[in-house]
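None of these values were measured; they are calculated from a predicted model. Sequence lines set the chain letters: A, B, ... in the order given, protein chains first and strands last, and positions in each chain run from 1.
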2 protein chains.
Amino acid sequence: MGNPLILKLSHGIDLDEDERAALSALTERTVPSAARHVIMRAGEPSVNLHLIMSGVAIRYRLLPDGGRQIFALLLPGDFCDLQAHLLDHSDHYIETATDCAIVEIPPAIVDDLVLTRSRLARALWWATLVDESVTREWMLGLSRRPTDKRMAHLFCEILLRMHAVGRGERDSCAMPLTQAQLADVLGITNIHVNRVLQELRDRDLIVLKKRQLLVPDLPRLQAFCDFDPGYLHLGQRARAAESRGARAPQPSSARTL
Amino acid sequence: MGNPLILKLSHGIDLDEDERAALSALTERTVPSAARHVIMRAGEPSVNLHLIMSGVAIRYRLLPDGGRQIFALLLPGDFCDLQAHLLDHSDHYIETATDCAIVEIPPAIVDDLVLTRSRLARALWWATLVDESVTREWMLGLSRRPTDKRMAHLFCEILLRMHAVGRGERDSCAMPLTQAQLADVLGITNIHVNRVLQELRDRDLIVLKKRQLLVPDLPRLQAFCDFDPGYLHLGQRARAAESRGARAPQPSSARTL
DNA sequence: CGGGAAGTTGATATCGATCAACTCCCGTGG
DNA sequence: CCACGGGAGTTGATCGATATCAACTTCCCG
């Protein structure tokens with residue numbers, strides 16, 4: 001398995017050998033973290049930055065009544081809190097969903113990196129923009145997508161993002177969230193998650209067991225939920241390469257599958 | 001009325017005279033834009049950055065079926081697309097809701113500013129983090145807050161944000177969205193907006209007419225919707241002085257209908 | 001083998017969507 | 001000055017998706 005950070009940033013910027021080496025060095029020393037462990041707590045100032053190298057974590061906020069919304073799934077190659085040290089206090093929690101390997105980075109190192117390696121800085125900047133784009137897509141789904149499509153959309157996203165960092169097989173990947181956690185992503189009840197999952201299974205859109213997601217027919221799943229992968233900004237470099245090469249680029253690469 | 005950009009950034013960083021002058025110069029030349037005018041279109045690369053100096057704009061995305069979600073209210077002092085020029089294409093629209101005065105800034109100017117004035121760069125960085133925090137709060141509301149509180153929460157936010165940039169009176173400010181636009185912010189139907197608005201009016205929590213919002217008793221409205229202004233990060237520099245700005249109201253003033 | 005977390009099922013209640021009018025406001029042109 | 005027209009706002013009736021409540025089962029792990 002390749003270095004997920006390098007794989008991820010490669011989607012935004014063409015990294016040279018030197019830059020790859022720098023990123024490798026940065027991610028050399030990982031710290032293990034057990035599942036269900038809080039990495040960052042709301043209301044507390046953050047000290048180190050955290051980068052997921054393996055496993056899955058969640059970012060969420062709580063309501064006084066106990067309601068919870070998960071804002072983001074943090075997969076290998078994702079920074080948990082690249083930005084947070086500029087605000088006086090964190091407003092959300094970060095917690096591992098599975099056993100993870102995490103890199104803890106003092107902010108000074110990142111600051112230095114940003115100053116001395118502007119191309120890498122740009123790549124990090126790019127990564128945070130993609131995260132925001134994903135957040136907006138989730139928001140759109142929460143307000144406007146029916147529940148079954150919302151869930152299907154999430155599964156499409158997870159599969160593609162896992163692939164993008166070299167995790168998972170051709171048509172399957174880890175999907176380590178419990179139904180209750182899924183509920184907190186989708187903004188519905190865990191009971192309702194259960195029923196919608198059954199519906200998706202009955203339609204043979206997904207197979208989900210033992211925390212493994214299998215998608216027998218990705219185009220069909222994508223069609224079901226109007227999934228357009230553009231918001232993940234995965235093809236940025238590939239698209240550019242392709243357009244200076246042979247074929248004319250299609251408007252939306254989604255439909256060509 | 002002070003310069004809204006300076007007022008806004010002052011909440012994040014203590015600006016010196018020199019920095020204020022630089023920001024003043026940056027915002028000197030505004031372009032008028034009529035209400036309901038599209039500033040940025042999804043799918044197109046962005047050329048200039050846009051900064052709102054007066055008026056209100058909205059950022060939104062569309063679904064194939066015509067559904068729309070407004071992701072952000074862009075008030076005076078807000079950048080529309082500070083980040084966007086790093087991604088290969090924009091994934092959302094920006095449109096004025098009222099007549100606006102807008103500053104158009106070539107990306108090169110911002111890049112230069114960032115390189116030569118690291119404190120201002122930091123302030124801009126801070127502003128985008130606050131925007132993200134607001135986005136997350138909206139997301140939490142969409143999934144977990146009942147509609148009436150969601151709407152009340154939005155009104156609290158608008159009032160505070162307008163105050164933060166020197167717009168609006170003690171207990172009132174402009175609220176230029178139509179009920180249909182409000183619906184696209186809150187993720188509900190315009191019909192339902194109408195009914196919930198009536199409920200809030202019946203409870204004397206708000207007075208809204210002629211696109212003017214008046215909150216007779218802000219603490220009561222805040223209590224109603226569990227509003228915690230922390231996510232706006234307004235008090236960062238002067239928390240004690242400012243975050244408890246709304247004192248317990250005189251019962252007499254609550255009678256003014 | 002036992003216990004707790006995760007997942008499943010059924011019955012009922014409710015919030016908000018949908019459909020269909022209708023009114024109000026305001027600006028515009030005759 | 002009035003008539004018209006369109007957008008915004010308002011109202012009522014009905015329907016459906018999802019929450020809620022209350023068991024129950026299965027799985028996993030010590």
Side-chain angles (χ1 to χ4, degrees), chain A residues 34-37 56 58 63 65-70 95-99 141-154 174-202 206-213 225, chain B residues 34-37 56 58 63 65-70 95-99 141-154 174-202 206-213 225:
Chain A
R36 304 296 180 101
H37 172 245
V56 175
I58 56 178
L63 239 32
D65 68 11
R68 166 167 95 155
Q69 173 63 27
I70 295 176
E95 182 180 315
T96 55
T98 66
D99 293 345
L142 275 175
S143 88
R144 298 298 177 195
R145 251 187 270 270
T147 322
D148 49 358
K149 318 222 161 170
R150 188 144 90 236
M151 189 182 288
H153 200 275
L154 178 67
M175 209 308 293
L177 301 183
T178 65
Q179 291 186 3
Q181 289 170 326
L182 222 35
D184 287 340
V185 169
L186 299 171
I188 57 178
T189 307
N190 55 349
I191 295 164
H192 201 52
V193 165
N194 185 284
R195 294 183 168 133
V196 175
L197 263 178
Q198 289 179 42
E199 184 207 321
L200 295 186
R201 287 198 258 241
D202 286 351
I206 62 160
V207 179
L208 178 61
K209 57 184 168 202
K210 304 272 190 186
R211 306 287 142 90
Q212 274 282 322
L213 169 69
C225 59
Chain B
R36 305 294 179 102
H37 172 247
V56 175
I58 55 178
L63 278 175
D65 67 11
R68 168 166 95 154
Q69 173 64 26
I70 295 177
E95 180 180 318
T96 54
T98 66
D99 293 345
L142 275 174
S143 89
R144 297 300 177 193
R145 250 186 273 269
T147 324
D148 48 358
K149 317 222 163 168
R150 188 142 93 234
M151 188 181 289
H153 200 276
L154 177 67
M175 209 307 292
L177 301 183
T178 65
Q179 291 187 2
Q181 289 170 327
L182 223 33
D184 287 340
V185 169
L186 299 172
I188 57 178
T189 308
N190 55 348
I191 295 165
H192 200 53
V193 165
N194 185 284
R195 293 181 167 133
V196 175
L197 262 178
Q198 290 178 42
E199 184 207 321
L200 295 186
R201 287 198 259 241
D202 285 350
I206 62 160
V207 179
L208 177 61
K209 56 183 169 203
K210 305 273 190 187
R211 306 286 142 90
Q212 274 283 323
L213 170 68
C225 59

Quick check against the 3.5 Å criterion: does [X] have a side-chain atom that pairs as donor or acceptor with the backbone of [Y]?
X: A/T96; Y: A/R36; value: yes
X: B/Q69; Y: B/V185; value: yes
X: A/D99; Y: A/A34; value: no

Tell me: [atom1] of [X] to [atom2] of [N], nearest whole Å?
X: A/L177; N: C/dA5; atom1: CG; atom2: P; value: 19 Å
X: B/K149; N: C/dC15; atom1: NZ; atom2: C1'; value: 15 Å
X: B/Q179; N: C/dG16; atom1: CD; atom2: P; value: 16 Å
X: B/R144; N: C/dC15; atom1: CZ; atom2: C1'; value: 15 Å
X: B/E199; N: C/dG16; atom1: CD; atom2: C1'; value: 13 Å
X: A/R195; N: C/dT8; atom1: CZ; atom2: C1'; value: 8 Å

Which value, rounded to the nearest 0.5 Å, describes the distance between [X] atom [atom1] and [Y] atom [atom2]?
X: B/I188; Y: B/Q179; atom1: CD1; atom2: CD; result: 10.0 Å
X: B/R195; Y: B/T189; atom1: CZ; atom2: OG1; result: 9.5 Å
X: B/I70; Y: B/D184; atom1: CD1; atom2: CG; result: 5.0 Å
X: A/R150; Y: A/L182; atom1: CZ; atom2: CG; result: 11.0 Å

Are OP1 or OP2 of C/dG7 and a side-chain N or O of A/K210 less than 4.0 angstrom apart?
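No, because none of the side-chain N or O atoms of A/K210 sits under 4.0 Å from OP1 or OP2 of C/dG7.
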
Check each residue of residues 180-194 of chain B for a non-hydrogen atom within less than 4.0 Å of any atom in DNA chain C, then write out the ones that pass by number, or none.
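Correct list: B/G187, B/I188, B/T189, B/I191, B/H192.
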
May I have the step-by-step check of salt bridge (charged side-chain N to carboxylate O under 4.0 Å, His left out) for A/D65 and B/R145, ending in yes or no?
CA-CA 10 Å; A/D65 68 11; B/R145 250 186 273 269; over 6 Å; no

Pick the nucleotide of DNA chain D nearest each of B/Q198 and B/R36; which residue has the one closer to the 5' end?
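Nearer the 5' end of the strand: B/R36.
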
Taking any heavy-atom pair under 4.0 Å as a contact, classify A/K209: base, sugar-phosphate, or nothing.
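Touches nothing.
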
Looking across every strand, which nucleic acid part, if any, lies under 4.0 Å from B/R201 by heavy atom: base, sugar-phosphate, or nothing?
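Sugar-phosphate, no base atom in range.
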
Between which nucleotides of DNA chain D, 5' to 3', does chain A make heavy-atom contacts below 4.0 Å?
D/dT18 to D/dC28

Check: A/R68 and A/Q181 side chains under 4.5 Å, non-hydrogen atoms:
yes

